[in-house]
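Read through the structure below, which is laid out as structure tokens, and then see the notes.
Nothing here was measured: the structure is a model prediction, and the numbers come from that model.
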Amino acid sequence: GMLKDGYKHLSGLEEAVIKNIEACKALSQLTRTSLGPHGMNKMVINHLERLFVTSDAATILNELEVQHPAAKLVALAAKSQQEELGDGTNLVVSLAGELMSHADELIREGLHPSEIIEGYAKASEKVLQLLPTLVLPGSEKIDVKNETEVAAALKASVAAKQYGYEDLLAPLVAKACIEVCPPNPNNFNVDNVRVCKVTGGGIHQSAVVNGLVIKRDTEGTVKSATDAKVAVYADAVDTLSTETKGTVLIENAEQLETYSKSEEDKMEAYIKGIADAGAKVVVSGGSFGEMALHFIERYGLLAVKIVSKFELRRFCRATGAVGLVKAEPPSADELGYIKDIRVEEYGDTLVTVIRQDEKVSKIATLLLRASTDNMLDNIERALDDGVNSYKILTRDPRRLPAGGATELELARLLSEFGKKETGLDQYAVKKFATALEIVPRILCENAGMNPEQILPQLYTAHASGSATIGVDIEENGVKDLTPDGYSDLYDVKYWAIKLCVDAVVTVLRVDQIIMAKQAGGPKTANKPAMDED
């Protein structure tokens, strides 16, 4: 044939298009049951045999190695949603799967993919025009420095991951974000809100610490310092062996005695230099040598070891210190400043807490307590979404009705719009409207309600003009969730729909798949797992 041996060439509707659609549907089937507050958890065991139990779509997609090229496109769309907005990944995948399965029906009914694409593009354009009209009145303005307002805005985002704890966690996130929010809120940096997970205790003991928390004890016996200057070394504070080999000839006893003396003197001079520079705290990215520690103790310095280089960078940012790479005493402008550093005990874990003056740095740490590591991971994911939502609030505070109300209203308006269309793409527009029902439908299914009963109730309410009525998972009915303080962020919805439609249209545009034989020799089984780095 035309192609080399081992090439796979799939073309035509059945082979290429339908196969791609199947793959995307399978992916969405996987994550959609995790949507919303009553979302189910997934157990994912990744290639390094680490277990994840989570309902966070971003984590699930991250840990699954999606092999199929078409499904990969959807996963990538979800990934860009996660990176840009930090929330709404599940919406992207679920909606994509739903749009795909409707496209499947239309293709089987005899429509050409290009007509479907046209219809979808038209529908998504219309949806993005309609979206601003559904914004909750009064949500355009928000004081991003006001804890109660912010907590109310973040509530839905946290509730979707940790349902039942949102009233506890949302104010925590709000407090931490406001602590680190710069005078111009647009410059808010997500990285300045850290999370430190300490096993033991209960969620209610979680707190916000203004400053950094390092999850280890200090090295020496000095456990606290206030108003201290800091010297930060990127390498180990230790005497290193020389690069060149040298031979030492010792001729008499006193040379033998004084042999190691000079090493000690050097080390003492080094540590004394640090102390004389005014530093009370020494931070190292590597280890502290025994002799170094001896002199650090003698001069009463506090020694902290920070293994992660990212954490070390954050520490420098929090203290204004310069990370030194050569072993010599710091100059005055290379020293950082700490208002207060001390070792505190949470449960049975010792952590070093660095508290700062407002003026020096803006870093806050959410200190999480929970009974299991798994629980901690899940809370961390919920808080991550919350912090990301705060970032969105600083840029665009508009919010939309929650509980599937927005999607249902869009579906209703879109099917009206579809009825007025004339070409063949009207079928695709109507299917797009049906696909939007997926959100209220999934919310019902995940909460164990019957969507066939609830959706008509929603439609009736919306048709009579109450566009904010959504699914009420508490009372198994429908109601407006806005008074309870639940609302979705406009930006998240907008981009989720946009990215999702982009991915779907790209997949539907494919009509042939040509795969080369995979390079390389035979695959070796069970080779030891390699790290990502």
Side-chain angles (χ1 to χ4, degrees), residues 8-29 32 68-78 80-81 91-131 133 406-442 455 459 493-515:
K8 269 208 203 113
H9 183 211
L10 311 169
S11 67
L13 281 182
E14 269 310 307
E15 290 239 300
V17 184
I18 304 283
K19 273 213 171 107
N20 283 345
I21 288 177
E22 295 294 319
C24 297
K25 271 164 49 180
L27 184 68
S28 114
Q29 228 82 53
R32 64 194 266 184
H68 193 284
K72 216 175 213 166
L73 282 174
V74 176
L76 286 173
S80 38
Q81 173 81 0
L91 179 59
V92 176
V93 184
S94 305
L95 189 56
E98 202 56 18
L99 287 172
M100 290 288 187
S101 66
H102 286 307
D104 191 12
E105 289 161 23
L106 291 172
I107 288 174
R108 291 184 196 284
E109 281 168 22
L111 255 76
H112 192 270
S114 63
E115 283 148 355
I116 302 174
I117 290 172
E118 209 168 302
Y120 278 180
K122 199 175 268 183
S124 82
E125 202 174 304
K126 182 71 182 163
V127 163
L128 298 178
Q129 280 168 15
L130 290 169
L131 206 54
T133 60
T406 308
E407 286 80 1
L408 198 96
E409 183 62 13
L410 287 174
R412 193 180 68 84
L413 296 169
L414 195 58
S415 56
E416 301 283 307
F417 169 73
K419 284 174 191 157
K420 302 195 186 87
E421 281 297 300
T422 49
L424 278 174
D425 47 15
Q426 60 171 329
Y427 297 107
V429 174
K430 285 180 193 160
K431 288 289 190 194
F432 195 106
T434 326
L436 283 166
E437 288 177 8
I438 183 80
V439 175
R441 185 178 285 269
I442 292 179
L455 284 176
Y459 267 119
K493 283 265 189 290
Y494 178 91
W495 283 105
I497 294 172
K498 205 170 158 65
L499 287 165
C500 158
V501 175
D502 281 352
V504 169
V505 167
T506 313
V507 172
L508 289 177
R509 277 228 170 90
V510 172
D511 73 332
Q512 301 200 3
I513 307 172
I514 303 156
M515 286 187 288

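How far NE2 of His112 is from CD1 of Ile117: 8.5 Å, rounded to the nearest 0.5 Å. Note: Arg441 CZ to Thr434 OG1 = 9.5 Å, rounded to the nearest 0.5 Å. Here CD of Glu437 is found 9.0 Å from CD of Glu98. Values are rounded to the nearest 0.5 Å. Expressed to the nearest 0.5 Å, how far OG of Ser415 lies from CG of Leu413 amounts to 8.0 Å. Between atom CG of residue Leu436 and atom OG1 of residue Thr406 there is a gap of 10.5 Å, rounded to the nearest 0.5 Å.
Contact between Ala70 and Cys24 at its shortest, heavy atoms only, is O-SG, 3.7 Å. The minimum heavy-atom distance linking Ala411 with Tyr459 is given by the pair CB-OH, 3.7 Å. Across Ile107 and Pro113, no two heavy atoms sit closer than the pair CD1-CG, 4.3 Å. Minimum heavy-atom separation, Met100 to Val504: CE-CA, 3.8 Å. The minimum heavy-atom distance linking Ser80 with Leu499 is given by the pair OG-CD2, 3.9 Å. When every heavy atom of Ala23 is checked against every heavy atom of Ala71, the shortest pair comes out as O-CB, 4.0 Å.
For the side-chain contact (heavy atoms from CB on, under 4.5 Å) test with Cys500, the passing option among Leu95, Val505, Val74 is Leu95; the others fail.
In this structure a side-chain-to-backbone donor-acceptor pair under 3.5 Å is missing from Ser94 to Leu91.
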Can I get a per-line list of side-chain donor-acceptor pairs under 3.5 Å for residues 419-430, giving both atom names and the distance, sequence neighbours left out?
{"unit_1": "Glu421", "atom_1": "OE1", "unit_2": "Lys122", "atom_2": "NZ", "d": "3.0"}
{"unit_1": "Asp425", "atom_1": "OD2", "unit_2": "Lys122", "atom_2": "NZ", "d": "3.2"}

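Side-chain contact between Asn20 and Leu73 is absent, with no heavy-atom pair separated by less than 4.5 Å. Residues Val439 and Leu408 are not in side-chain contact: their nearest non-hydrogen atoms beyond the backbone lie 4.5 Å or more apart. Inter-residue side-chain proximity for Phe432 and Val501 is flagged as met; some heavy-atom pair is nearer than 4.5 Å. Residues Glu407 and Ile438 have side chains not in contact (no heavy-atom distance under 4.5 Å, counting atoms from C-beta outward).
Residues passing the side chain to side chain contact (heavy atoms under 4.5 Å, CB included) test with Ser28, sequence neighbours excluded: Arg32, Val93.
Identified under the salt bridge (Lys or Arg N to Asp or Glu O under 4.0 Å) test for residues 99-115, with sequence neighbours left out: Glu14-Arg108, Lys25-Asp104, Asp104-Arg108, Glu105-Lys431.
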